[in-house]
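Read the structure below first, then the notes.
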There are 2 protein chains.
Amino acid sequence: MGDRVAARAESSELTRQRILEAARHLFTERGYFNTSLQDIRRESGLSIGSIYHHFTGKEELARELFYDTLSFVESDIRRVYAQYSGARERCYHVIESLFETTESMPEVMEYVLYFKHREVLPGEKPICASQPFEIIKSIIAEGMAAGEIRPMDEVMASAALLGGPIRLVQLRLEGVIVEPLTQHLSEAWECAWRSVAA
Amino acid sequence: MGDRVAARAESSELTRQRILEAARHLFTERGYFNTSLQDIRRESGLSIGSIYHHFTGKEELARELFYDTLSFVESDIRRVYAQYSGARERCYHVIESLFETTESMPEVMEYVLYFKHREVLPGEKPICASQPFEIIKSIIAEGMAAGEIRPMDEVMASAALLGGPIRLVQLRLEGVIVEPLTQHLSEAWECAWRSVAA
DNA sequence: GTCTATAACACGATAGAC
DNA sequence: GTCTATCGTGTTATAGAC
């Protein structure tokens, strides 16, 4: 008997995901404000009523996607942190994972980079106060203590290390770079590491 | 008699500027889509009719501001290009000017960095195809030919050089960095140049 | 849980007096 | 050139049948 409850819950979760996927696609393609709930209804193949049954409104869709994406990025960085040791290795694999995600899930990457929290979700904490940012900072702090990274302001070091790669991701998403970013990994890494290496 | 015509033209130009200033302020503060013409009317102290007399609509305000800002940045880079020689000197002063503009005209900088052409002005060329971007590329190409910069992909070099500083500008605009960026110029420059220096 | 129909509203844009 | 008043449209969100 619990089966029927479980099946219903599962199907409910499925429609939830369908709505979120449609929203993510449209938000990244034409932007939050250029997407109406009618668009999301059409894209998801469901109805307005159904959307409002699962979410309180359009804003919650954006919020949900935002936190989804953020925790995806976070777990990815955590994995790298746990799997490797030393700032050099860890930073390398953070950038590698950044490039891989750009290729395999460009919409997720686009959402992370271009989503304007302040505009769409006023009152949310800025992304730089988020967990991923904190992990990066501690990787760098440890690397500095170990003498791998030149002593300098931590914010400076993180900007120097990731600024270039992030810029490349943007150029790739905009279509300026046409080859997969993974092809440029070693060259990008060389530039990034030189900027902070001791 | 020409005086009266000139005076009228001047006053007309003045109200035009008042409207543009109000629009820039509101667009950067809360975003294009969160700003209504009523807001611009209130902020500028004029009327809806007056705004429509000077501009064809809201979108033209954004477009006008965009090209204004772009040509400001362009002339700034051109100045640096003409005033200095060698990739090293030129790049240093481009970054210096970037930081100075961030401090003296944060709204201009914010408009350049965060304005979403694709969303607000669909059909506009992306900023990376713009003149400022082209000048940077030629500075780098000349620097590579002169042996100042390691041989590498030009796009890669520009991302490495400016990615870090641009990231710092963003952090400054978001309030993560509280001191004027000019204080960090030498450290930021050190990181940026190391990433590409021969 | 899912649907359709519709309410309530704000927006960009226009018309026309002065 | 500047203004006020207003139109038409598209939006988010709700009500209520099934």
Side-chain angles (χ1 to χ4, degrees), chain A residues 1-24 26-27 29-66 116 119-123, chain B residues 1-24 26-27 29-66 116 119-123:
Chain A
M1 301 170 222
D3 284 6
R4 227 175 316 165
V5 177
R8 197 179 305 167
E10 199 177 337
S11 126
S12 180
E13 179 59 27
L14 217 79
T15 61
R16 239 187 91 92
Q17 288 305 321
R18 259 171 74 189
I19 295 165
L20 282 173
E21 273 315 299
R24 161 138 52 206
L26 292 168
F27 287 172
E29 187 175 272
R30 39 175 113 158
Y32 177 80
F33 292 103
N34 287 325
T35 302
S36 74
L37 282 172
Q38 293 296 337
D39 296 330
I40 297 172
R41 177 197 59 77
R42 206 176 307 122
E43 174 96 5
S44 67
L46 293 160
S47 70
I48 292 285
S50 196
I51 295 173
Y52 273 98
H53 177 75
H54 287 281
F55 302 92
T56 63
K58 187 180 166 184
E59 194 175 299
E60 194 180 75
L61 283 170
R63 195 190 312 275
E64 203 78 359
L65 285 172
F66 179 61
K116 296 207 175 184
E119 243 177 76
V120 177
L121 303 174
Chain B
M1 301 170 221
D3 283 8
R4 229 178 312 169
V5 176
R8 198 179 305 168
E10 198 176 339
S11 128
S12 180
E13 179 59 27
L14 218 79
T15 62
R16 237 187 93 91
Q17 288 306 320
R18 256 169 78 188
I19 296 166
L20 282 173
E21 272 316 299
R24 160 137 54 204
L26 292 168
F27 287 172
E29 187 174 270
R30 39 174 110 158
Y32 177 80
F33 293 103
N34 287 325
T35 302
S36 73
L37 282 173
Q38 292 297 336
D39 296 330
I40 297 173
R41 177 196 60 76
R42 207 177 307 122
E43 175 94 5
S44 66
L46 293 159
S47 69
I48 292 285
S50 196
I51 295 173
Y52 272 97
H53 177 76
H54 287 281
F55 302 93
T56 63
K58 188 181 168 184
E59 195 176 298
E60 194 178 78
L61 284 170
R63 193 188 314 275
E64 203 77 359
L65 285 173
F66 179 62
K116 297 209 180 183
E119 246 178 73
V120 177
L121 303 173

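Every chain is numbered from 1 and lettered A, B, ... according to where its sequence line falls, protein lines coming before strand lines. For clarity, every value in this text was computed on a predicted model and none was experimentally measured.
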Report summary line: Interatomic distance, CG@A/L46 vs NE2@A/H53, rounded to 0.5 Å, equals 12.0 Å
Requested in this report: Check each residue of residues 50-57 of chain A for a non-hydrogen atom within less than 4.0 Å of any atom in DNA chain C, then write out the ones that pass by number, or none.
Outcome: A/S50, A/H53, A/H54
Query raised in the report: Quick one: does B/R24's side chain get under 4.5 Å of B/L61's, heavy atoms only?
Result: no
Requested in this report: Considering non-hydrogen atoms only, spot the tightest contact between A/S44 and A/I19 and give its length.
Outcome: CB-CA, 4.3 Å
Report task. State, with a plain yes or no, whether a side-chain heavy atom of B/R41 is found less than 4.5 Å away from one of B/S50. Result -> no
Query raised in the report: Partners of B/S36 by side-chain hydrogen bond (donor to acceptor under 3.5 Å, both in side chains), sequence neighbours excluded?
Result: B/D39
Query raised in the report: Looking just at side-chain N and O atoms, do A/E21 and A/Q17 make a donor-acceptor pair shorter than 3.5 Å?
Result: no
Report task. Let me know, please, whether A/Y32 or B/G45 comes out on the 5' side of the other along DNA chain D by nearest nucleotide. Result -> B/G45
Query - Which atom of B/A22 lies closest to which atom of B/E43, heavy atoms considered - result: CB-CG, 3.4 Å
Requested in this report: Specify the separation, in whole Å, of atom CD of A/E60 and atom P of D/dT12.
Outcome: 15 Å
Query raised in the report: Does a side-chain heavy-atom distance below 4.5 Å link B/I40 with B/F27?
Result: yes
Pairs under 3.5 angstrom, nitrogen or oxygen only, protein versus nucleotides 7-11 of chain C, please.
none

Requested in this report: Compare all side-chain heavy atoms of B/E119 with those of B/Y32 and state whether any distance is below 4.5 angstrom.
Outcome: no
Query raised in the report: Quick one: B/F33 CZ to D/dG10 P, roughly how many Å, whole number?
Result: 16 Å
Query raised in the report: If you look at every strand shown and take non-hydrogen atoms under 4.0 Å, does B/I48 touch a base, only sugar-phosphate, or nothing?
Result: base
Query raised in the report: By ring-ring contact (aromatic ring centres under 6.0 Å, His included), which residues pair with A/F55, not counting sequence neighbours?
Result: none
Query - Listed once per pair and sorted, the salt bridge (Lys or Arg N to Asp or Glu O under 4.0 Å) pairs that draw on residues 50-60 of chain B, sequence neighbours left out - result: B/E59-B/R63
Distances under 3.5 Å between nitrogen or oxygen atoms of protein and nucleotides 16-18 of chain C:
none

Query raised in the report: What is the distance, rounded to the nearest whole Å, between atom CD of A/E59 and atom P of D/dT11?
Result: 18 Å
